[in-house]
Amino acid sequence: SVRPIAWYLRLGSGAPARLSVPHVIGLTEQEAVHQLTTEGFAVRAIERPAEASAGVVVAQRPKVNVRLARGELVTISVANGQTTRNLSGR
């Protein structure tokens, strides 16, 4: 099952009212959280099985270039080191 592993929020000043969500797929969780919070978004990270190295962002919601208000939530899915094959026992 998928469970939230972390919430992050950093507020600042001087940014436009609506911000474009950057592309963070392929970054590490730490890199993605840093980029998103620096740009003014709240971040929720969840772990999930995926065909990627543990700790790498494999999906994001909303998608790239969607415009959000400062402080709105971006959810990232982070590979947990297991694949769906590992979970099914095959």
Side-chain angles (χ1 to χ4, degrees):
S1 72
V2 176
R3 64 178 179 79
I5 57 172
W7 286 81
Y8 304 89
L9 175 64
R10 179 188 299 162
L11 297 175
S13 61
R18 307 242 358 129
L19 308 165
S20 291
V21 175
H23 178 79
V24 295
I25 295 172
L27 299 179
T28 66
E29 178 182 359
Q30 182 178 3
E31 291 167 334
V33 167
H34 177 76
Q35 182 173 351
L36 290 164
T37 57
T38 298
E39 293 189 25
F41 300 106
V43 181
R44 178 176 64 174
I46 56 173
E47 289 184 337
R48 73 176 219 197
E51 296 290 331
S53 299
V56 173
V57 177
V58 295
Q60 68 181 71
R61 183 177 293 167
K63 300 215 180 276
V64 177
N65 293 328
V66 170
R67 297 187 65 77
L68 300 176
R70 175 174 285 286
E72 282 195 79
L73 181 66
V74 175
T75 299
I76 57 174
S77 296
V78 180
N80 66 2
Q82 295 181 322
T83 64
T84 52
R85 223 178 345 205
N86 295 59
L87 297 177
S88 66
R90 293 183 190 153

Which atom of L73 lies closest to which atom of R44, heavy atoms considered: CD1-N, 3.6 Å
Least distance between heavy atoms, T37 atom then H34 atom: OG1-O, 3.4 Å
Spacing of E29 atom CD and E47 atom CD [to the nearest 0.5 Å]: 7.5 Å
Side-chain touch E72/R67, heavy atoms, less than 4.5 angstrom: no
Joint cluster assignment, L68 & I76, ILVMFWY side-chain distance < 4.5 Å: yes
Distance-minimising heavy-atom pair for V57 and A32: CG2-CB, 3.7 Å
Common cluster, V64/L36, ILVMFWY with side-chain heavy-atom separation under 4.5 Å: no
Nearest atoms (heavy-atom pairs only) where A79 meets A50: CB-CB, 4.0 Å
Residues which pass side chain to side chain contact (heavy atoms under 4.5 Å, CB included) with Q35, listed by chain and number, not counting sequence neighbours: P22, V24, L27, E39
Which atom of R70 lies closest to which atom of G40, heavy atoms considered: NH1-CA, 3.2 Å
With A59 via side chain to side chain contact (heavy atoms under 4.5 Å, CB included) - residues at least two apart: R48, S77
